[in-house]
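First up is the structure itself, then whatever we jot down about it.
Keep in mind it's a predicted model, so treat the numbers as computed, not measured. If you read the sequence from its start, that first residue is 1, and numbering goes on from there.
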Amino acid sequence: MIPVPKESVDQVRGIIRAILEQSASQVFLGRVDAILEGWAAGKLSAAEACSKVQKIVSLFIDENKAREIGARCAPLVTKMSVSEKK
């Protein structure tokens with residue numbers, strides 16, 4: 001996998017933080033950032049990173065917020081997945 005542009009990672013990070021707002025601690029957001037950095041470094045695909053974030057949000061925060069993250073990130077993940085395959 002190839003590294004991802006910082007702008008894409010920052011865009012997804014912004015979406016996630018907007019959804020979680022005050023629901024998550026800084027420690028939890030640090031874990032989310034670690035997953036996103038794995039994607040940025042090319043260790044995970046966009047779909048894998050989104051799935052991991054959704055799983056931890058669902059387990060520790062709220063299942064509805066996890067679904068919202070998936071729905072709002074889906075267009076970006078799809079776009080990034082297509083460009084990763086090229």
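With respect to Asp33 and Arg17, a salt bridge is recorded, a charged nitrogen being found less than 4.0 Å from a carboxylate O.
Rounded to the nearest 0.5 angstrom, Glu48 CD and Lys43 NZ are separated by 13.0 Å. Taken from CG in Asp62 to CD1 in Ile19, the straight-line distance is 11.0 Å, to the nearest 0.5 Å. Going from atom CD1 of Ile35 over to atom CD1 of Ile16 covers 8.5 Å, rounded to the nearest 0.5 Å. The distance from the CG atom of Leu36 to the CG atom of Leu44 is 9.5 Å, given to the nearest 0.5 Å.
Here the closest non-hydrogen pair linking Ala49 and Trp39 is CB-CB, 3.7 Å.
For Gln11, the side chain to side chain contact (heavy atoms under 4.5 Å, CB included) criterion is met by Leu76, not counting sequence neighbours. In terms of the side chain to side chain contact (heavy atoms under 4.5 Å, CB included) criterion, residue partners of Ser23 (sequence neighbours excluded) are, by chain and number, Ile61, Lys65.
Enclosure of atom CZ in Arg31 is not indicated, since only 12 or fewer non-hydrogen atoms of other residues, nucleotides or ligands lie within 6.0 angstrom. The number of heavy atoms from other shown groups lying within 6.0 Å of CD (Glu63) does not exceed 12.
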Between side-chain atoms of residues 50-59 and protein atoms elsewhere (two or more places apart, or another chain), which donor-acceptor pairs fall under 3.5 Å?
unit_1: Gln54; atom_1: NE2; unit_2: Ala66; atom_2: O; d: 3.3

